Amino acid sequence: MKIIVAIKQVPERDARIRIDSGNKWIDLEDVEFSMNESDAYALEEALQLKEAHGGEVIVVSAGPERAGKTIREALAKGADRAIHLQSSDETELAAYDALGVARLLAASIQDEKADLVLTGLQSDDLGLGQTGVILAELLGLPHASLILKIEVAGNGLKVLRELEDGWFQHIELATPAVLTIQSGNTKLRYATLMGIKKAKTKEVRVIAVADLVASDPSLKPTAPSVVLDQVKLPHKQRSTQLLGGSPAEAAAALVEKLQFEVRVI
Amino acid sequence: MYVSTFLSLPSYGAFLVSPIVPADPGTFSIIEKVLLAVLIMLSVVLFWLRFGVVLDKILKSRRDPSFRLTHLGKRAWDFFSEVICQSKVIRQRPLPGLAHAFVFWAFLAFALVTTNHVATGFGLDLLGSRNRSGWVSIAFSDVYFGLAGLFAVACAISIAGLFVRRFFARPTWLARPDHELSYESGVIAGLIFALMATYLASLYVGSGPWAHGLWWAHTLCLLVFLPLVPHTKHLHLVLSPFTIFFSRGSFSAIPPLEGDEDFGLVAGKDLTQLVTLQAYSCVECGRCTEHCPANNTGKILNPKEVVLGLRSYLNDLGPASEEPLLGKYNSQEAVFECTTCGACEFQCPVGIEHLPIIVGLRRGATNTGAWEDDYGGKLFNALERNSNALGMSALERDKFVQKQELPIFDGSQEYCLWLGCMGGYDPRGREIISSFVEVMRHLGATFGVLRKEKCTGDPARRLGNDLVFQQLAEANLEALQQQKVKKIVSICPHCVRTIQEDWKEFGLPPEVEHHSEFLARHRAELPQSNSNEKVVFHDPCYLGRYRNVYDEPRSIASLAGSLVEAERSRERSFCCGAGGGLAFLGEEQGERVSHNRAQQLVATGATTIGAACPFCNTMFRDALAASGDNSPRLLDIAQIAANQIKAAQPAQVAASEN
C-alpha cells in the first residue's frame, strides 16, 4: 500500500508565545518547532499499516526550510521518502488560506497515485481542520475525518470514527481515500539513532512553492476566503472549588465534575 | 639428601628450620625423561587447544576505539591492590576471600618451586635443592622452600575449606542456572590440594622410591591441572590480571559510539576486545548477583548470567556474528530491569565492567528500535517534546521559578543552581530545592537558575537512547556556555554524574558538585541539633559508588541527631530502585526494590531517614506510605539543614509571622 502522510511543522506546544508587532501572528524568534500532534499520529498509523501490509510511506510537508527538521524526524521514525514543498520564507505561505495550501499539496502529490492519504485532524497552530478534507475534494477521493483506527478490509478499509459524547462510527470505504486522524488512540514510537542515521540517506524531494506556482498559474494565491484578523493570548482565568464531605463523597463529586463539567474523563 | 639435617639444625627458630628442601627424587631414566617431555607437550597442547580459541575470540573482537592505555600509575596500583593483594576478593567476603588469597599467594610462591620441580626431572638443579653450592642456592634452599611450604599449608587448608563451602555449605550465588554443582571446581580443588600435599610430603620423606613417586605424583597433578584451566572458569587465573590491568579506567565508563554503524551492543560484531576478555574472565563467584537489587527482589536479571550469556554467545557464534545478542543468550527483559546501581561492577573481583555491558545491550536495543516498551516510548517522547522526564510543560518550571523568586543566572553569581527534572517539576523535589535555597541564602552564597533547562539526559543515557541523550546534552552544554556558567550545584546525584562524566562526549561541562559537598564545606556554619534523634543515611548509588562521596552527606544528616548505619551502607548500599530510568518504567516484577530498601532503613530503628537524591526520596516516600503509619520521617539533607536553621531562629520566625 502506498501511503502519503501530510505533516505540518508547528510551534512547540509549550513554547513561550509572544504576539508579533503586527498582532497578526506570533513572534517566531526563540520558538522551537515540532511535528503537529495529530500528524504524528497519522504518521504512526501509516507506519503500522506498512508494517502489517507492506508498501511505502511518503511524507509531504509545506513550510520553510526549518520544516526539513520535522521531515527528517518522520523519515527517522520510518517513512521511506519525503516531498518538501518549500516556501522561500516565513510569509510566502501566509498568503494562502486552507484551500490554497490544499491545492499546493494536491499538486505536489497528484502524480504519486497513492492508495491512502493521511493527515492530522487539524493543526495545533491554526486549528482550522480543513486542509485534509479539502485535499480529498481536490484529489477527487472519498474521505472520512476524526479517525481513530484503520483496518484493511478486502479491497478497502474499515475505519473507526470518533463522534461526540462518546459515540463512535464504523465506516467502510474504498481506496484510494483520504483520512484525517485523531490523536491519542495509539502509542507513538520514539525516534532512534539508527532511524536518524538511515534518514540521512533517504530521498527528500524539495519543490519550491514558487516553481510549482510558475508551472501552474491556477495555484497562485487568490484573495483568501478566510483572513486572520488578530491574534491574542488566551485570557487566563482560575476558579477553585473545594469539595467537602467524606473522602468518598468528595471523590464522587470530583468524578462527576470531571465527567460532565470539565469533560476530561 | 639434606632431610637428615632437617631437625638437627634449628638455627632459624622453632618453626622455620633450615634447610628445608624437597626430597631428591633421584635420577631419571631416559625413558622417564622422554615420557615427561611427551606429557608436558600433551598438557601444553591441550591447554592451547582451548586457550588458543579463547585468545582468538578476544583478539578477533572489535577493537575498543575509545580505549587508551593511559594512567599507568593507577593501573599499576589497581593491579597491585586487586590482583596481588586480592583486596576486592577479601573485602566483600573476608573468610572465603582470605582462603582464595592464600591459594593465589601459594601459586605465586610456587612459580619458582614448580620450575625447579620440572627441571629436576630433566636432571637440572636450578635452585640448588640437590647440590647446595653458591650463595643463591643456599639462600633459596635455606629460606624459599620453607616459605613455600608455609604457603602450601595455608593453601591446602584454604582449598579444603573452599571445597567444603562449595559442595556442602552451597551458597546460592555460586549456583549455576540449573542449580548444578560445578564438578570441575571439585576436581580443580582436589588437584590443588594434591599439589600442595605432594610438595609438603616431599619435604618430609628421604630420597628414594618415595621421593621419586611423590615427584611423579606432583608432576602429574600439574600436567592435568594446566589443560583444565582454560576449559573451566579457572581461566580467570590467566585472564583476570589482564582484565584488571586493561580496565576502562573509571566506574561505569560508557564508551562513545563510533561512526554510523555503531548503535551499541547489537550483535557479536559489536563486542569489543574488552567485553570479550571480561566475558571469559568471569569466575562465576556470584558477588554481582548477591548484591544485585533486581535479583534480590525477584526479577529475572542476574548480572552473572548476563556475562555468562555473552560467553556462551561467543563460544557458539563467535565475535563476528550478526545474530542479535539479546534473544537466545540474554534476555531483553532482564537487561531492562537493571537500575544501573553498579553494585555488581563495584565489587567484581576479576575486573568485569557490568555497566558498559548492560547499558551497551540497552543501547543496542533502543538505538535500533528493538526495545518496545509503552513507558519507555512515553518517556523518550516526553524528553523529545518537553525536554523533561516528567513530560510536563516547561511553563510549569517557569511558574515555580517565579513563585520561589529564584534569581536567573546572569554570570554575576557564583553558582548555577541546577534544578533538574525532579527539582523543577516534582512537588517533592521542589521542596528540596526550596530548602536548599533557604540554606544557600542563609550562608550568603550567590546563585541563579537557568531560564531554560533541559533534562541532563540521564534516563535516556541509561536506557540506551543515544539520540535523545545527545540532543539534550548538546542543548544544555550550549545554554551553559552562553551563560558562562563556571560552577553548577545540584540536588540530584544523577544530574551531577551525567553532567560531569557523560556529557564529556559532546563538550566540556562546567565544574559540578552535589549539594552534599557544598553543604559539607559549610558544616561549621550550620546549627547542630542536640536532640537524641536517630538518623540513618541512605547512600544514593550515584553519589556513593559513582562519585565516591560518603562522608559529606553524613556530616549534614548528623545535624539532626546521631547517625546509625543500615546493614548495607556506603559502598555496599542497596539501590532505591529508581536508577537506570526505571523510575519512569512500569510496575516491577516481584517485590519492589524501594519497599525492600525502605524496610532495611526502618529496621535500624532510626526516627529520621536522610536522603540525598530526589529519586530515592520519592521512592521511599511511596514505600513508607505503603508500609504503615509508624514510619520515620523522610528528609533530604538540604531539608535537615534548613530545619536546623529554622529551629535555631525561633524568635525571628515567630516575629515575622506576627
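The shown structure was predicted, so the numbers you read here are calculated from the model rather than taken from an experiment. We use all heavy atoms of the structure for the numbers below, so side chains are in, but hydrogens, waters and symmetry mates are not. Just so it is clear: chains get the letters A, B, ... in the order the sequence lines come, proteins before strands, and each one is counted from 1.
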Please flag which part of [X] lies under 4.5 Å from any non-hydrogen atom of chain A: side chain, backbone, both or neither.
{"X": "B:Asp260", "answer": "both"}
{"X": "B:Leu257", "answer": "side chain"}
{"X": "B:Asp262", "answer": "backbone"}
{"X": "B:Arg385", "answer": "both"}

Item to complete: Give the C-alpha distance, both sets of side-chain angles, the deciding distance and a yes or no for salt bridge (charged side-chain N to carboxylate O under 4.0 Å, His left out) between A:Arg189 and A:Glu51.
Response: CA-CA 13 Å; A:Arg189 69 194 60 201; A:Glu51 277 159 8; 2.7 Å; yes

Item to complete: Determine, stepwise, if the pair B:Arg462 / B:Thr498 fulfils side chain to side chain donor-acceptor pair (under 3.5 Å).
Response: CA-CA 10 Å; B:Arg462 315 295 156 204; B:Thr498 308; 3.2 Å; yes

Discussion item. Would you say B:Ser66 and B:Arg248 are linked by a side-chain donor-acceptor pair, where the criterion is simply a distance under 3.5 Å?
Written reply: no

Item to complete: Count the heavy-atom pairs under 4.5 Å between each of A:Lys187, A:Glu73, A:Met194, A:Lys200 and chain B, then report the option with the highest count.
Response: A:Met194

Response to the item:
Counting heavy-atom pairs under 4.5 Å with chain B, the top scorer among A:Leu188, A:Ile196, A:Thr192 is A:Thr192

Item to complete: Assess whether salt bridge (charged side-chain N to carboxylate O under 4.0 Å, His left out) is satisfied between B:Asp458 and B:Arg497, documenting all intermediate values.
Response: CA-CA 9 Å; B:Asp458 167 69; B:Arg497 154 75 195 197; over 6 Å; no

Worksheet entry | side-chain contact (heavy atoms from CB on, under 4.5 Å) partner of A:Leu118, chosen from A:Ile4, A:Thr180, A:Ile150, A:Leu43 | A:Ile150

